[in-house]
Amino acid sequence: MEIIKKLESGRVDKPLLAKLLCARGNLQKELFKVSRQVRQKYCGDKSVVRGVVEISNYCRKNCDYCAMQYSNRKLQRYRLTSEQIFSLAIQVKNLKIKTVFLQSGEDPIADKVIEDVLPRIKQELKLNILLCLGNRSQKQYQKLKELGASDYILKFETSNPGLFKKLRHESLEVRLKCLRLLKQVGFRVGTGNIVGLQGQTIEDIVEDILLGKKCHTEFISSSPFIPNKNSVCENKPPANINLVLNNIAIWRILLKDALIPTVSALETIKKNGQLLGFNAGANIITVNFTPSRYREKYLIYSERRFIVSLNYALSTIKSAHLKPDLMI
Ligand code: 5AD
Ligand code: SF4
């Protein structure tokens with residue numbers, strides 16, 4: 001199809017992206033088919049597997065869509081110790097997963113804990129370390145890098161500055177500056193958007209796609225908005241899964257070898273949603289290692305959040321005709 005050929009060649013304009021973003025039926029089938037071909041050509045048939053540990057649900061930010069926002073007084077907060085994190089990283093290693101992913105709310109107090117544990121994970125376990133801790137200073141990013149982390153995810157969430165400000169109560173410019181700092185410090189960087197935010201238009205998502213391309217990051221994700229109880233957006237409708245899947249496919253075709261996850265929130269909105277993510281061109285899945293008593297307090301994808309086990313990840317990878325990239 002002519003329109004998909006244009007996308008492949010990178011000759012994109014906004015109306016073309018809007019049309020592909022809303023694709024259904026044969027056009028969508030073709031979009032996913034080409035996306036899988038591009039994945040095969042540039043990334044092969046391997047899916048990356050990551051092990052996530054959610055180390056703290058304290059957060060100094062107040063994003064309207066997130067139940068971890070600081071004004072949610074109903075949420076019991078927790079912060080793991082470095083010993084707890086280290087023993088969970090051992091579990092990640094024992095399952096032959098190469099990357100441990102440490103994620104938290106924006107909690108500078110957890111920095112000390114992380115600084116303690118990073119060198120041990122790096123030197124004793126020789127795992128690849130990916131962080132997702134939010135905005136920090138250049139000095140702090142530098143420190144985390146020196147202590148052994150190699151990758152960092154900082155999603156721009158939405159490219160619309162007004163919407164960003166309205167929902168996150170901070171400026172998009174500051175967020176993008178942090179992204180640049182992460183690159184300068186030498187991290188392999190990931191970014192991404194949330195689809196289905198309150199007040200977001202198709203044109204906004206088209207701008208997200210273009211911003212994602214401009215960022216030139218190693219990883220990029222598109223996640224569906226899920227209404228979180230006890231957040232300002234708790235009564236808003238969840239994202240339309242087709243928009244997320246089309247966004248994934250478009251990024252795959254435009255960005256070729258980027259690592260793109262199929263996020264657990266896809267499974268929360270639809271059974272087999274993560275398989276659909278792979279079939280749209282994703283090539284990463286994340287297994288959850290947070291102990292269940294803490295996990296239920298880590299509410300980014302609502303109380304009905306889907307928990308990915310290694311078995312589930314491996315069977316989904318297999319159903320997608322891919323192979324897991326594990327230690328041999
Ligand atoms: N729906 C989807 N993603 C969410 N996040 C937080 N709340 C939601 C929600 N309601 C995501 C944000 C953040 C990550 C930790 O969780 O993108 O970057
Ligand atoms: Fe905090 Fe992240 Fe939730 Fe915003 S999205 S409130 S920064 S955990």
Side-chain angles (χ1 to χ4, degrees), residues 50 52-75 77-79 101-110 130-136 152-160 163-172 174-176 178-179 182 189-200 205 208 212 217 219-241 243-244 247 261-270 273-274 277 286 288 290 294-295 297-306:
R50 293 167 170 161
V52 69
V53 179
E54 289 140 342
I55 59 180
S56 160
N57 70 352
Y58 282 89
C59 189
R60 63 178 169 186
K61 291 279 164 67
N62 212 20
C63 306
D64 284 3
Y65 48 81
C66 179
M68 291 184 351
Q69 54 179 128
Y70 71 71
S71 60
N72 179 6
R73 305 278 173 222
K74 294 205 178 113
L75 181 63
R77 306 284 169 162
Y78 74 87
R79 188 179 291 120
F101 176 10
L102 305 181
Q103 193 176 34
S104 75
E106 205 167 294
D107 176 19
I109 295 178
L130 164 66
L131 301 177
C132 179
L133 313 171
N135 295 9
R136 290 291 190 285
Y152 201 108
I153 291 178
L154 191 78
K155 304 201 297 180
F156 57 74
E157 319 283 8
T158 170
S159 60
N160 178 326
L163 191 60
F164 189 99
K165 178 95 191 159
K166 182 170 173 287
L167 295 174
R168 292 185 57 92
H169 316 286
E170 60 172 353
S171 102
L172 175 62
V174 170
R175 190 81 168 170
L176 296 177
C178 284
L179 254 185
L182 285 163
V189 179
T191 192
N193 69 346
I194 304 180
V195 166
L197 291 169
Q198 176 200 2
Q200 187 186 44
I205 307 173
D208 290 354
T217 54
F219 333 114
I220 194 153
S221 68
S222 185
S223 311
F225 163 73
I226 309 238
N228 282 194
K229 209 166 151 229
N230 298 322
S231 73
V232 176
C233 300
E234 67 179 350
N235 295 319
K236 303 296 170 203
N240 173 339
I241 192 168
L243 288 176
V244 184
N247 190 153
T262 178
V263 299
S264 64
L266 287 169
E267 199 71 36
T268 305
I269 41 178
K270 191 173 170 146
Q274 280 187 289
T286 300
N288 195 298
T290 313
Y294 299 116
R295 203 164 58 201
K297 300 187 172 75
Y298 201 89
L299 292 173
I300 47 173
Y301 292 147
S302 89
E303 290 174 321
R304 336 170 261 123
R305 107 182 242 230
F306 181 79

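Whatever order the structure lists them in is the order used to number ligands and atoms, beginning at 1.
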Hey, which protein N/O/S atoms does atom 3 (Fe) of ligand 2 have under 2.8 Å?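 Those protein N, O or S atoms (cut-off: under 2.8 Å from atom 3 (Fe) of ligand 2) are C66 SG.
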Is there a side-chain contact between [X] and [Y] (heavy atoms, below 4.5 Å)?
| X | Y | answer |
| --- | --- | --- |
| P227 | P238 | yes |
| L182 | R136 | no |
| C66 | K61 | no |

Under 4.0 Å to a heavy atom of [X] - the qualifying atoms of ligand 1, by number:
| X | result |
| --- | --- |
| Y65 | 6 (C), 7 (N), 8 (C), 9 (C), 10 (N) |
| C66 | 6 (C), 7 (N) |
| F225 | 1 (N), 2 (C), 10 (N) |
| Q103 | 15 (C) |
| I194 | 3 (N), 4 (C), 12 (C), 17 (O) |

Find the distance between CD (E267) and NZ (K270) and round it off to the nearest 0.5 Å.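 These two atoms lie 10.5 Å from each other.
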Do any nitrogen or oxygen atoms of K155 lie less than 3.5 angstrom from nitrogen or oxygen atoms of ligand 1?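 Yes, there is a polar N/O contact under 3.5 Å.
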Between P224 and ligand 1, which residue portion shows a heavy-atom distance shorter than 4.0 Å: side chain, backbone, both, or neither?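 Just the backbone.
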Between the side chains of N247 and N193, is a donor N or O closer than 3.5 angstrom to an acceptor N or O?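 Indeed, the side chains of N247 and N193 share at least one donor-acceptor pair under 3.5 Å.
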Is it the case that the side chains of N160 and T158 hold a donor-acceptor pair, with the cut-off being a distance below 3.5 Å and no angle test?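 There is no such pair (donor and acceptor under 3.5 Å, judged by atom type) between the side chains of T158 and N160.
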Heavy atom of protein inside 4.0 Å of atom 5 (S) of ligand 2, strictly below: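 Given the 4.0 Å limit, the answer for atom 5 (S) of ligand 2 is yes, a protein heavy atom qualifies.
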Which option wins on minimum heavy-atom distance to atom 1 (N) of ligand 1: I226, D64, T268?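 Ranked by closest heavy atom to atom 1 (N) of ligand 1, first place is I226.
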Could you pull out the closest heavy-atom pair between [X] and [Y], with the gap in Å?
| X | Y | value |
| --- | --- | --- |
| L266 | Q274 | CB-N, 4.1 Å |
| C59 | M68 | CB-O, 3.5 Å |
| Q200 | I194 | NE2-O, 3.0 Å |
| N135 | R60 | O-NH2, 3.0 Å |

